[in-house]
Amino acid sequence: MPLAASYQYPANQAIAAIFNEIADLLEVEEANPFRVRAYRNAARMVEGMTEGVDAMLARGADLTALPGVGVDLSAKMREIVETGSCAMLTRVRTEVPSYVLQLLQLPGLGPKRARALQHELGITSLDELARAAAAHRIRELHGFGARSELRLLETLKARLARDRRYGLATAKPCADALTHYLLASGLVDQLVVAGSYRRGRDTVGDLDLLITGRKRAQIVEHLVHYNEVATRISAGPTRASVVLKNGMQVDLRVVRPDAFGAALVYSTGSKAHNIALRKLAQTQGLKINEYGVFRGKERIAGQTEASVYRAVGLPWICPELREDHGEIAAAQSGLLPSLLEQSDIKGDLHVHTSASDGTASLEAMAAQARLLGYQYLAVTDHSPRIAVTHGLTADRLAAQADAIDRFNAEHKGWPVLLKGVEVDILEDGSLDLPDSVLGRLDLVVGAIHSHFSLPVDQQTSRILRALDHPHFSILAHPLGRLIGERNACNVDLKRVLTAIAQRGCYVEANAQPTRLDLSDIGCRLAKAEGVLVSIASDAHSPADLMNLPLGVTQARRAWLGQADVLNAHALDTLLPLLKRTM
DNA sequence: GCCGTTTTCGGCCCGACTGTTTTCAGTCG
């Protein structure tokens, strides 16, 4: 299941999907490539927006003000919002059969060759393609040969999909193991996992490795022989692509040390950021590629990333910001944000103990928080409704609160334990514990754990009603998504955040690797609405507390600074913030 | 299809690898 970045804006998702399909179809028709690109650019831009296009239209906004959107595309966007479809798409669909799009999904098949297969051999399905390949009919086509035919067969057999993305929980162990393998070869001087992994995106499509080392061909060879490699896609003297046994693609590039910075900019992306950077260079009579910055034939920068940015008059831009979301303009005018650092985090406001579904005692969790240098740790075990978590009844919660008071009294100099709960928001928006019980706590974290597929109006009012409870503090994992498993629930996040701001409440950026909820886009919206974000590990064990930096990364991608984050506050300023204003 | 302190027309980021080809088109990142 591909995860669109716009998961919380169904209208934007629909527009992006339609624009991307139109682009695919136009490409098969051999339309002007720049026209194709216009559709793809607009699709990508729409996915990264922090507002639904439907909401923009409702407030009368001018869509042509959006970058890459002119009169034509704005009209199509409006059409898609109003009708759910687009006449242009319907038209090109009749001109290009749907199975050609299926062919396009196969690695190695682009518009030209997909079209040839359809036209010359009358291929109308992947099954027919497999049969034609087995009968050696493909190799007879102009532009194809025995090798292309064999590769198509292998691809079909492996059912390789091209647009899969993986959560960081999958990608990180994979990247760590591969890094270890390559470093152990002794051939590698420098190694960076670049790409969306380095930019800290919540999901990554592949791993982009950038390496320096003297024996370049040997390094490529070493990767190809990694025992987790399932398929070799390509391998030249300086770069290679392979697919691992778990399906993840790895692209490796080996460069000379004096070009490392330029190559790192290139490999880190994003593509949109690189294009914007290269356009800026052009206006200054310069050219940027992965080998450096050039004025004519003269190379004027490239050893470090900073030298590349400096050559076009910019300060270094940190990877999390490189999404062409205004960072280049900000850098030009000296307005790059001062981003949140992990060291700004003063505590964690969402953790579990063995009293509910955690694995460790209060003491063990506190000890780990102490090692991390935290000032405070909020204990937020589950409420009774979710039976599998052994949630706390009112009586057990009161007993835990007493235990926390005793712990704090006996552990001076340790992180202060805050009395909290993760209370279930029931289907009708009421809470799973009475207000009288919640009133004794330092904070109340509320979350939905069931009925994820309510219609958007119902889901939104459910959460708004929960926020009306007088002791509600923080809305945890607001969208309920599990990366690769469960889509975000359909909720009007902007309305929810507006309500949160009015009530003096907060929203959580849950740092569990499978959740990352809110992720970057949601955090940007929270900042725009003036809502402080609680970056929380939702730890169920001491080790889980160390997941919090994943949330910090999402916050940085959203341009958040120390002032935007609830748990970047010291204990003495945090406590007053947790008192509801209304 | 978008865009504009050269421009409302004529540009649009840049290069590696593959396979089939005798000099390069197609695909990909």
Side-chain angles (χ1 to χ4, degrees), chain A residues 19 22-24 26-28 30-43 45 63-77 88 103-117 138-152 155 162-163 194-196 204-210 216-217 220 224 232-243 249-255 259 262-263 265-294 312 324 328:
Chain A
F19 281 5
I22 289 176
D24 284 344
L26 287 177
E27 210 165 24
V28 176
E30 298 183 73
N32 178 348
F34 298 105
R35 186 174 166 220
V36 174
R37 188 187 295 175
Y39 280 97
R40 291 204 205 287
N41 284 345
M45 187 278 307
L63 297 183
T64 63
L66 296 167
V69 177
V71 174
D72 184 276
L73 290 185
S74 70
K76 289 194 173 74
M77 286 162 73
M88 158 93 170
L103 297 183
L104 277 182
Q105 297 310 308
L106 298 174
L109 280 191
K112 298 277 166 50
R113 282 150 58 98
R115 196 176 150 91
L117 286 172
I138 308 273
R139 62 177 65 182
E140 295 159 5
L141 290 181
H142 181 76
F144 288 82
R147 302 198 61 147
S148 314
E149 187 177 84
L150 186 63
R151 195 171 147 209
L152 271 177
T155 298
R162 208 159 41 174
D163 55 355
S196 50
V204 300
D206 57 18
L207 294 176
D208 294 291
L209 267 55
L210 184 68
R216 300 202 284 179
V220 169
V224 171
R232 193 192 91 157
I233 297 175
S234 68
T238 64
R239 61 190 289 180
S241 292
V242 297
V243 178
Q249 182 167 329
V250 176
D251 298 318
L252 169 143
R253 184 143 191 163
V254 192
V255 300
V265 171
Y266 165 81
S267 309
T268 300
S270 64
K271 187 172 179 170
H273 176 86
N274 286 351
I275 289 174
L277 205 59
R278 287 168 174 182
K279 281 183 178 169
L280 175 65
Q282 276 190 328
T283 67
Q284 303 173 10
L286 301 173
K287 184 179 80 171
I288 299 182
N289 60 27
E290 57 264 55
Y291 301 107
V293 184
F294 297 84
V312 291
D324 194 24
I328 290 179

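Not measured: the values here are computed from a predicted model. Here is how names work: the chains are called A, B, and so on, in the same order as the sequence lines, proteins then strands, and each is numbered from 1. Just the heavy atoms: all of them, side chains too, but no hydrogens, waters or symmetry mates, feed the values below.
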*Asks:* Passes side chain to side chain contact (heavy atoms under 4.5 Å, CB included), A:Phe19 versus A:Met88? Steps please.
*Replies:* CA-CA 10 Å; A:Phe19 281 5; A:Met88 158 93 170; over 6 Å; no
*Asks:* Whole-Å distance between B:dG4 C1' and A:Lys279 NZ?
*Replies:* 12 Å
*Asks:* Of the nucleotides B:dC14, B:dT20, B:dC13, which has the atom closest to the A:Arg147 side chain?
*Replies:* B:dT20
*Asks:* Which nucleotide sits closest to the side chain of A:Leu73: B:dC13, B:dC2, B:dA16?
*Replies:* B:dC2
*Asks:* Return whichever of A:Leu286 or A:Val36 has its heavy-atom-nearest nucleotide of DNA chain B closer to the 5' end.
*Replies:* A:Val36
*Asks:* With a 3.5 Å cut-off and heavy atoms only, can you find an N or O donor on one side and an acceptor on the other between the side chain of A:Tyr266 and the base of B:dG29?
*Replies:* yes
*Asks:* Counting the atoms with a prime plus P, OP1 and OP2 as sugar-phosphate, which does A:Ala276 contact under 4.0 Å by heavy atoms, base, sugar-phosphate, or nothing?
*Replies:* nothing
*Asks:* Over how many whole Å does the gap from A:Ile233 atom CD1 to B:dC28 atom P extend?
*Replies:* 10 Å
*Asks:* On a whole-Å scale, what distance lies between the C1' atoms belonging to B:dT8 and B:dG1?
*Replies:* 14 Å
*Asks:* In whole angstrom, give me the gap between the P atoms of B:dT21 and B:dA16.
*Replies:* 24 Å
*Asks:* How is A:Ala263 classified with respect to the nucleic acid when contacts are heavy atoms under 4.0 Å: base, sugar-phosphate, or nothing?
*Replies:* nothing
*Asks:* Does B:dG1 have its OP1 or OP2 closer than 4.0 Å to a side-chain nitrogen or oxygen of A:Arg35?
*Replies:* yes
*Asks:* Return no unless some side-chain N or O of A:Gln249 is found under 4.0 Å from OP1 or OP2 of B:dC28.
*Replies:* no
*Asks:* Can you tell me, in whole Å, how much space there is between the C1' of B:dG4 and that of B:dC14?
*Replies:* 23 Å
*Asks:* Is the shortest distance from a Lys or Arg side-chain nitrogen in A:Arg239 or A:Glu290 to a carboxylate oxygen in the other one below 4.0 Å?
*Replies:* no
*Asks:* Could you check A:Arg37, A:Arg40, A:Lys112 and say which one makes a salt bridge (Lys or Arg N to Asp or Glu O under 4.0 Å) with A:Glu27?
*Replies:* A:Arg40
*Asks:* I need the CZ-C1' distance between A:Arg40 and B:dC28, as an integer number of Å.
*Replies:* 12 Å
*Asks:* For B:dG19, what is the paired nucleotide under Watson-Crick or G-U wobble rules, both distances under 3.5 Å?
*Replies:* B:dC24
*Asks:* Tell me whether the OP1 or OP2 atom of B:dG1 has a side-chain N or O from A:Lys76 closer than 4.0 Å.
*Replies:* yes
*Asks:* Return the CE to CG distance between A:Met45 and A:Leu73, rounded to the nearest 0.5 Å.
*Replies:* 8.5 Å
*Asks:* Counting the atoms with a prime plus P, OP1 and OP2 as sugar-phosphate, which does A:Pro33 contact under 4.0 Å by heavy atoms, base, sugar-phosphate, or nothing?
*Replies:* nothing
*Asks:* OP1 or OP2 of B:dC17 sitting under 4.0 Å from any side-chain N/O of A:Thr238?
*Replies:* yes
*Asks:* To the nearest angstrom, how far is A:Arg115 atom CZ from B:dT27 atom P?
*Replies:* 12 Å
*Asks:* Does B:dC13 have OP1 or OP2 sitting under 4.0 Å from an N or O in the side chain of A:Asn274?
*Replies:* no
*Asks:* Within the 4.0 Å heavy-atom criterion, would you say A:Ile288 contacts the bases, only the backbone, or no part of the nucleic acid?
*Replies:* sugar-phosphate
*Asks:* Can a side chain N or O of A:Ser148 be found less than 4.0 Å away from OP1 or OP2 on B:dT20?
*Replies:* yes
*Asks:* Measure CG/A:Asp208 against P/B:dA16 and give the value in whole Å, please.
*Replies:* 16 Å
*Asks:* With respect to the phosphate group of B:dC13, does any side-chain polar atom (N or O) of A:Arg37 fall under 4.0 Å of OP1 or OP2?
*Replies:* yes
*Asks:* Evaluate the criterion side chain to side chain contact (heavy atoms under 4.5 Å, CB included) for residue pair A:Leu280 and A:Ile288; output intermediate values, then yes/no.
*Replies:* CA-CA 10 Å; A:Leu280 175 65; A:Ile288 299 182; over 6 Å; no
*Asks:* Of the nucleotides B:dG1, B:dG29, B:dC14, which has the atom closest to the A:Lys287 side chain?
*Replies:* B:dC14
*Asks:* On the nucleotide B:dC13, are OP1 or OP2 found under 4.0 Å from the side-chain N or O atoms that A:His273 carries?
*Replies:* no
*Asks:* A:Arg232 has an atom CZ; how far is it from atom P of B:dG19, in whole Å?
*Replies:* 8 Å
*Asks:* Could you work out the separation of B:dC2 and B:dC13 based on their P atoms and round it to a whole Å?
*Replies:* 16 Å
*Asks:* From CD of A:Glu140 over to C1' of B:dT20, roughly how many Å is that when rounded to an integer?
*Replies:* 16 Å
*Asks:* From the set B:dC17, B:dC12, B:dG1, return the single nucleotide nearest to any side-chain atom of A:Arg239.
*Replies:* B:dC17
*Asks:* Looking at B:dC17, B:dG29, B:dG15, which one has an atom nearest to any side-chain atom of A:Glu290?
*Replies:* B:dG15
*Asks:* Do A:Asp324 and A:Lys271 have side chains that approach each other closer than 4.5 Å (heavy atoms only, starting at C-beta)?
*Replies:* no
*Asks:* What does A:Val69 touch in the nucleic acid at a heavy-atom separation under 4.0 angstrom: a base, only the sugar-phosphate, or nothing?
*Replies:* sugar-phosphate
*Asks:* Identify, between A:Ser74 and A:Leu141, the residue whose nearest nucleotide on DNA chain B lies closer to the 5' end.
*Replies:* A:Ser74
*Asks:* Expressed as a whole number of Å, how far does the P atom of B:dC28 sit from that of B:dT20?
*Replies:* 15 Å
*Asks:* Do the side chain of A:Arg113 and the main chain of A:Phe144 share a donor and acceptor less than 3.5 angstrom apart?
*Replies:* no
*Asks:* Any chance CZ of A:Arg139 has more than 12 other-residue heavy atoms, nucleotides or ligands included, within less than 6.0 Å?
*Replies:* yes
*Asks:* Ignoring the backbone of A:Asn289, work out which of B:dG15, B:dC17, B:dC13 is nearest its side chain.
*Replies:* B:dG15
*Asks:* A:Met45 has an atom CE; how far is it from atom P of B:dG1, in whole Å?
*Replies:* 16 Å
*Asks:* Just compare B:dG1, B:dG15, B:dC13 and give me whichever is closest to any side-chain atom of A:Ile275.
*Replies:* B:dC13
*Asks:* When you measure from the side chain of A:Lys112, which nucleotide among B:dG26, B:dG19, B:dA16 comes out closest?
*Replies:* B:dG26
*Asks:* Just to be sure I understand the rule, does A:Asn32 reach a base, reach only the sugar-phosphate, or reach nothing, if contact means heavy atoms closer than 4.0 Å?
*Replies:* base
